[in-house]
Amino acid sequence: MADYEIPDDLRYSEEDEWARLEDDCVVFGITDYAQQQLGDIVFVELPQVGDRFAKGDAFGVVESVKAVSDVYAPISGEVVSVNEDLADRPELVNADCYGSGWLCIIRPGDEAELESLLDAKAYRIYVEERSEPDQ
Amino acid sequence: MSDGEARARVGNVGNGFAYEEPLLFERSRPGRVGCSLPRLDVPEVDAHATLPEGALRDDLPDLPELSEVEVVRHFTRISTWNASVDLGLYPLGSCTMKYNPKLNEKVARLPGFACAHPLQPVELLQGFLHLAYELERHLAEISGMDRVSLQPAAGAQGELAGIMMIRAYFEHRGQRRSRILVPDSAHGTNPSSAALNGYEVVAVPSGEDGILHPDAIEALMTPDVAALMLTNPNTLGLFESNIARITEIVHARGGLVYGDGANLNALLGIARPGDLGTDVMHFNLHKTFSTPHGGGGPGAGPIGVKNTLAPYLPVPVVCRRDGAGYDLDYDFPRSIGRLHANFGNVAMAVRAYAYLRSLGPDGLRRCAEMAVLNANYLLARLRPAYHVPYDRPVMHECVLSDQRLESTGVTTIDVAKRLIDYGYHPPTIYFPLIVHGALMIEPTESESIEGLDRFVEALLAIEREARENPDLVRSAPHHTRRSRLDETRAARRPVLRWQPEDG
Ligand SMILES: Cc1ncc(COP(=O)(O)O)c(C=O)c1O
């Protein structure tokens, strides 16, 4: 299996986003697995500051040479900041998905939702399950 | 085996003429002209005295200056760079790149069609209106729908029209429905058409066997769902065998069923979407009915409806007046309006009509049978070499993946690029999205068994190369004017027009 970076200190959604609590807000982006699966990312569409989303709503789009994928809100909340750099440099998502390739910051509607996300161990299992060649 | 030997064995390409061709702008030389105008024989007019300030420009645009033969050569040369179905197998899955019979071209060029002006009075357009009226009825008969409009310019616009009609239908009934169900294997135009009409798109998961299951629809079919959009056969090339039960569930909850007719080629003369519960659907004349496709010209995406939706058809509707020939009927107060100037892409309707009439009902059925046989033949011959994600008998196309090549580092894009070295246009890749590394192959009925075998040999040779010499495949194509293009940079920083170097 290919090698995927899955930092221990983050939480993960089943839609392959990561989330990190910073003060009272949550930063998130897409995981290394998602970024590798998509291939070279050429365009990122993000919501507006102030937009509100429920957990699981599509809130943005990531487009690669291969495919266009929706990005889903891992928890509900209000967008307080988006990564403006991605408009000109979508490749940051490939180069540094857990750092400068973050997508947005939201103020959670319900912090407990963060607890419902997968931890690194569970996410690793989830990734491995999907990359096993089928019989 | 060397690269040259492998390609020679498949025998689909040689080393023919291969011209380079700079842009016309780069060939331009000041003062060179392609035509000579006669001497002015009327009084000269001062433009400044007759035209308003804003309509005058003080410099000439930077247009290239060339002789006639240079322009002719330029376009003739770049026309030889095209891949086309007239040059070889064009296995683009979901696109039905079938051969376009030359008879269609002959009929479309009849002066009565080709030279007609769209604003001629209807009395002088009787020939075309007659053809349109009949074509609508033939398409309705083939699909089991009640009425057809030829207006939409492509499948995507047909979908847009169909969903607009669905919305108009519910608005007229005062029902507020805000969602549309779209299977996860659908073509991207399906969710787009729903979203453009203000609907929320709800993805329906396909079952393990690649088709839709009634319980998935049952669970999602809430009272706020306006419609299900369904492609049959679906984009995995599989027949939706639960379709009758599924459309029943949608109808029982007051919803409508949109049929994406892109894959109708598999069903011609065998099954009719209208009999399977479809309320509204589009046809892609440029797929199923052999009109040119892609770079070959405009498309056409007629839309068919059951009578319940007929009041919403785009206007004008072609009609027959007792004893007075054909006419245009604008009296559809609930119509979604006009979608295309005049009568849609008229020459496509003429070609499709010629195709339908030259094949007749038995010939059309035979197209479907041969298309299905060809796809299953390819699947049977390629299965030993490539992974088949949903391994069942298919309809008109089959979907493979790069999974078994994983240890070689060769992926779908590399296989596709290497096929170009063997003289084939690559199949559709990375679609449907539910298959990782999909290679979606649709041979159509146009290919002979020898043609299919050659194509299979090319794919088998590439699979061997992937194991023996993966770098050869990963850096393909090697025998084209340009090798691997930087698609990522082209998408991130597109250069959309030529600009002079000093400008
Ligand atoms: C399944 C499917 N639906 C819809 C469309 C859209 O049709 P068109 O390209 O004519 O707009 C396509 C075309 O590729 C398709 O494959």
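Within every chain, numbering begins at 1; the chains are lettered A, B, ... in the order of the sequence lines, protein sequences first and strands thereafter.
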Practice task
Could you give me the CA-CA distance, side-chain angles and deciding distance for Arg89(A) and Arg492(B), then say whether side chain to side chain contact (heavy atoms under 4.5 Å, CB included) is met?
Solution key: CA-CA 8 Å; Arg89(A) 302 185 59 205; Arg492(B) 283 180 185 158; over 6 Å; no
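Of the atoms belonging to Glu91(A), heavy atoms from both backbone and side chain fall under 4.5 Å from chain B. For Asn94(A), the part sitting under 4.5 Å from any heavy atom of chain B is the side chain, from C-beta outward, and nothing else.
Interface summary for chain A: among Arg404(B), Glu487(B), Arg493(B), the most heavy-atom pairs under 4.5 angstrom belong to Arg493(B).
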Could you go through residues 179-187 of chain B and list every donor-acceptor pair under 3.5 Å that involves a side-chain atom there, pairing it with any protein atom two or more places apart or in another chain?
unit_1    : atom_1 : unit_2    : atom_2 : d
Arg179(B) : NE     : Asp224(B) : OD2    : 3.0
Asp184(B) : OD1    : Ser206(B) : N      : 3.2
Asp184(B) : OD1    : Ser206(B) : OG     : 2.5
Asp184(B) : OD2    : Ser206(B) : N      : 3.2
His187(B) : ND1    : Thr189(B) : N      : 3.4
His187(B) : ND1    : Thr189(B) : OG1    : 2.7

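In Asp9(A), the CG atom is crowded: over 12 heavy atoms of neighbouring residues, nucleotides or ligands sit closer than 6.0 Å. Around CD of Glu208(B), the count of heavy atoms belonging to other residues, nucleotides or ligands within 6.0 Å does not exceed 12. Residue-environment remark: CZ (Arg392(B)) exceeds the threshold of 12 foreign heavy atoms within 6.0 Å.
Asp16(A) is linked by a salt bridge (Lys or Arg N to Asp or Glu O under 4.0 Å) to Arg130(A), counting only residues two or more places apart in sequence or in another chain.
When every heavy atom of Val65(A) is checked against every heavy atom of Thr488(B), the shortest pair comes out as CG2-OG1, 3.6 Å.
Note that NZ of Lys66(A) and OG1 of Thr411(B) are 6.5 Å apart. Values are rounded to the nearest 0.5 Å.
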